[in-house]
> 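Here it is: the structure, laid out below.
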Amino acid sequence: MSRLVSTIKNYINAESDCDSLVYENRMMIDNVIPVCLVLAVFISVFFMSEGFDVRQIASNTGIFLLYALFLYIVKERVRSERLKSRLLLVSYSLFLTFLVLSYYTLIGYVVWTISAVFLILSIGRNGRSMIIVTSAIILLLPFYLWFRYPGTLNRVHFVSQYVAFICLITMASVVKNILDGRYRLVKQHLHETNIILKLSSEMIAVNSDSIRHKVRHFLEIISMHCGADRANVFLLSTDGSQVNNYAEWCAPGIGSVNSMMTYISVCESLLWNKQKSEKIAIGIADIDELEPTPPEKKVLRSDGIKSIISVPIIRSEKVCGFITFHTVRRQNNWPPNQKRIMSVLANMLSDAFFKIDKEKEIRHMAYYDTLTGLPNRFSFNTKLDDTIANADIHNNKIAVLFVDLDSFKSVNDTMGHEIGDVLLCRVSQNLISALGPNDFAARFGGDEFVVLLTDFDGQDDLRQRTEALMSAICEPLVFNKREFFVTASSGISVYPEDGADRDTLIKSADIAMYYSKGHGKNHITLCSPEMKAAVEEKVHVTHMLYKALQNNELVLHYQPQVDLATKQIVGVEALIRWNHPELGMLMPSYFIPLAEQSGLIVPMGKWIFETACRQNKLWQDMGLPPMRMAVNFSVEQFYNSNIVQMFKDILSETCLDGKYIEMEITESIAVKDGLNIQQILADLKTLGISVSLDDFGTEYSSLARIKQLPIDRLKMAMEFVNGITADSKDAAIAKVILSLAQNLELKVIAEGVETKEQEAVLKNLKCDEVQGFYFHRPMPAEEIEKLLRETAKVS
């Protein structure tokens, strides 16, 4: 970039360099003229005369030296070029007259030699006045000498030399005119190059904010150069039928043009129509020369235009606009050099418009969602920041509405992402149509939208406006002759009650939205301090849970499982506890849901399984009776593709036989699609691991699916056990579960047994095993060891 700017600067200075070169030539000639004259005189005296006077030559030589000194002083001391030129012209005239009169006896040689030298040097000095004065002196003084000293000149030689000198003067004038013309062309070319490069240097930094101002400035520069009184940039409409006046420059006293834009379509204008097809610049020196039929002739006259030139702006091989220059005060023939510089400007503008369009496209991509056309997250954040700043000044109310479509993933999964994209676009259109004049909506990502609401009067008004927005979003959508019903959950936060800055407001609205989703979906929830406190506690507990894994704060307790017929301990269930350094022993209901949501359940589940296996093997090594160890598993753990290999590795490391491990899974796992649960359980069965279905009857009981799974045991939920003695319905359900298990040849274990009456009913219903506080509470490994030893002694 710096190299390009340096090159442009060098070209911009080229015009002044041209003038400097002419000036340097003049200075060099001013130095050469005295020397040349002295040499010419000496040559004439020594080689072309007889009987010359030494004293005269010496005195004349002194005069030459004094004149040379005078020229040096003028050249070095006189600063004004105008004064310097006049002094040199007068001195040249006097000096030439002196030479001619001093050497009149040698007129045949000296005069013509000196005259020729002066003429040649005058051409080189680019001085028209010097040529005229030199020619006048040489043409007039010989006649004076002819009549003053008759008989001294040979008539034939005089006439022939006089004619030759006239020819020399003529040739000098012709050469001078040619040099002047070339000089003017070079200077004009450099001036145009200067203009083009100046425009190019300014065009480098043009952007969407400065483009119009820059275009007007460019029009002014070109108009001043070409003598135009008015200049316009007309851009074609999208369909190419009309033009709009994008930019205009007018000379002082010249009014704006509007007739061509207002009254002439592109199709009606022969000028613009021809340019669209031929893509060439067209100049009209005299408007009156136009045919009387074209409609532009009348409107051009109404604007006082005498001559016009129009240059097409071409982009991607298509005409996208025109640059027009007009004269009002005089006519202009629009020579080729002017057309050329205008065409260069048209090309520059084409590149500039292309650059601006790309900038706009990039800017749109940065601030708007490409699918729905709504503003994106970055744009919403900027808008919300500005609105908060204004609210602080004017004490206005602001609300942020966070919207999430319900079950949108199922649309993508069942109908395909293309239908999902169409759905998002339709929802966005409905949302935009329901916005108030000062509201602002954006797509935050996926199926999440946010709306900035202002100018509302209290919570009731806010809720009504929000309900109207939600109704618009949830309108049934029809495409491909199918009707889709969409619902959405939303949360609202209000400034400044729910947050004093952008991030807090959005976070509060997000919290309220998730509260809506967690309470049945398709709801609108206003954020409250209690919600935020619950979320903050959740985040805090999750953070502590990460540390709990690292700091070995997790422990396992074990609850014995008893054979109802023999009252012997046949197994234990490993139950995790969190020995918090500040809060004490925490139950799994407090932190397991958070572990499942955060993904911590995967490393936690591995730790539970490995610890349970080691403990079971340790008890066996102590000589205690081998028994079954039941371990609970979450659905999130089954998404691990290496779960079977993990079980195999842990069993191998702990040297425990898989038949002493029972995996407890819930019904939600059994019916989960995409997990290939049947194959996973089958692979685990090959390791000897048995499978128990936990909390049977409380979730998604699918008897057909359960029949296909390799299940060994059903675990009756404590909800049924608690009411088994008081509620006939619970007793009936328990009886059905036990009957079903017996028919499927499955064992049943009832958990939550806390009374003797419950034990009696279950025994009467022929339940296989029980687990509960009536028999044993969950205990640390040391207490289980002690219990097992005591049981072994009793046996």
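None of these values were measured; they are calculated from a predicted model.
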> Partners of Thr654 by side chain to side chain contact (heavy atoms under 4.5 Å, CB included), sequence neighbours excluded?
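Here the qualifying residues are Cys613, Arg614, Ile650, Leu656.
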> Would you check if the distance from the ring center of Trp619 to the ring center of Tyr660 is below 6.0 Å?
no
> With no hydrogens and no angle check, do the side chains of Ser489 and Asp404 hold a donor and an acceptor under 3.5 Å apart?
no
> Determine whether Lys617 and Asp621 satisfy the following criterion, salt bridge (Lys or Arg N to Asp or Glu O under 4.0 Å), listing intermediate values before the conclusion.
CA-CA 6 Å; Lys617 179 60 176 173; Asp621 292 342; 3.6 Å; yes
> Taking only residues two or more places apart in sequence, or in another chain, which ones meet Glu636 in a side chain to side chain donor-acceptor pair (under 3.5 Å)?
Ser634
> Check the pair Glu785 / Arg789 against salt bridge (Lys or Arg N to Asp or Glu O under 4.0 Å), numbers first and verdict last.
CA-CA 6 Å; Glu785 178 186 341; Arg789 290 187 185 279; 3.4 Å; yes
> Can you see whether Asp498 engages Ser493 through a side-chain donor-acceptor pair at a distance of less than 3.5 angstrom?
no
> Hey, would you say the Tyr514 and Phe402 ring centroids sit under 6.0 Å apart?
no
> Applying salt bridge (Lys or Arg N to Asp or Glu O under 4.0 Å), run through Asp712 and Lys685 and close with a yes or a no.
CA-CA 10 Å; Asp712 301 286; Lys685 295 283 285 185; 2.6 Å; yes
> Are side-chain N/O atoms of Asn376 and Ser379 paired as donor and acceptor at under 3.5 Å?
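Side-chain D/A pair, Asn376 to Ser379: absent.
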> How would you list, by chain and number, every residue that makes a side chain to side chain donor-acceptor pair (under 3.5 Å) with Ser739, sequence neighbours excluded?
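Listed in chain order: nothing, the list is empty.
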> For Ile473 and Val486, work out which heavy atoms get closest and say how close.
O-CB, 4.4 Å
> Could you list the residues that satisfy ring-ring contact (aromatic ring centres under 6.0 Å, His included) with Phe591, not counting sequence neighbours?
Trp578
> At their closest point, which heavy atom of Leu556 faces which heavy atom of Ala574, and how far apart are they?
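For Leu556 versus Ala574, the nearest heavy atoms are CD1-CB, 4.3 Å.
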> Would you please name every residue forming a salt bridge (charged side-chain N to carboxylate O under 4.0 Å, His left out) with Arg777, sequence neighbours left out?
Glu783
> Using the test ring-ring contact (aromatic ring centres under 6.0 Å, His included), find all partners of Phe609 that sit at least two apart in sequence or belong to another chain.
Phe633, Phe647
> Considering residues at least two apart in sequence or located in another chain, which fulfil the ring-ring contact (aromatic ring centres under 6.0 Å, His included) criterion with Tyr515?
His519
> Tell me every residue that passes salt bridge (charged side-chain N to carboxylate O under 4.0 Å, His left out) with Asp385, counting only those two or more places apart in sequence or in another chain.
Arg502
> Just to verify, what does Phe378 make a ring-ring contact (aromatic ring centres under 6.0 Å, His included) with, not counting sequence neighbours?
Tyr367
> List the atom of Ala750, the atom of Leu762, and the distance in Å for their closest heavy-atom pair.
CB-CD1, 3.7 Å
> Side chains of Val770 and Gln561: closer than 4.5 Å at any heavy-atom pair?
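Answer no - side chains too far apart.
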> Are side-chain N/O atoms of Gln597 and Lys538 paired as donor and acceptor at under 3.5 Å?
yes
> Please indicate whether Gln459 has more than 12 foreign heavy atoms, meaning atoms of other residues, nucleotides or ligands, lying under 6.0 Å from its CD.
no
> Any heavy-atom pair between the side chains of Glu769 and Lys747 that's under 4.5 Å?
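Result no, sub-4.5 Å side-chain heavy-atom pair not found.
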> Compare every heavy atom of Val562 with every heavy atom of Val570, then report the nearest pair and how far apart it is.
CG2-C, 4.3 Å
> Could you check Glu662 against Arg713 for salt bridge (Lys or Arg N to Asp or Glu O under 4.0 Å), going step by step and ending with a plain yes or no?
CA-CA 9 Å; Glu662 181 174 84; Arg713 199 180 316 274; 2.6 Å; yes
> Residues two or more places apart in sequence or in another chain: which of them pass salt bridge (charged side-chain N to carboxylate O under 4.0 Å, His left out) with Asp768?
none
> Does the side chain of Asp369 pick up a donor-acceptor pair with the side chain of Thr372 at under 3.5 Å?
yes
> Search all heavy atoms of Gln758 against all heavy atoms of Thr725 and return the closest pair with its distance.
N-CG2, 3.8 Å
> If a pair satisfies salt bridge (Lys or Arg N to Asp or Glu O under 4.0 Å) and one of its residues is in residues 573-601, list it, with sequence neighbours excluded.
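Sorted pair list: Glu573-Lys715.
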> Can you name the residues that form a side chain to side chain contact (heavy atoms under 4.5 Å, CB included) with Glu745, not counting sequence neighbours?
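If we apply the side chain to side chain contact (heavy atoms under 4.5 Å, CB included) test to Glu745, skipping adjacent residues, there are no hits.
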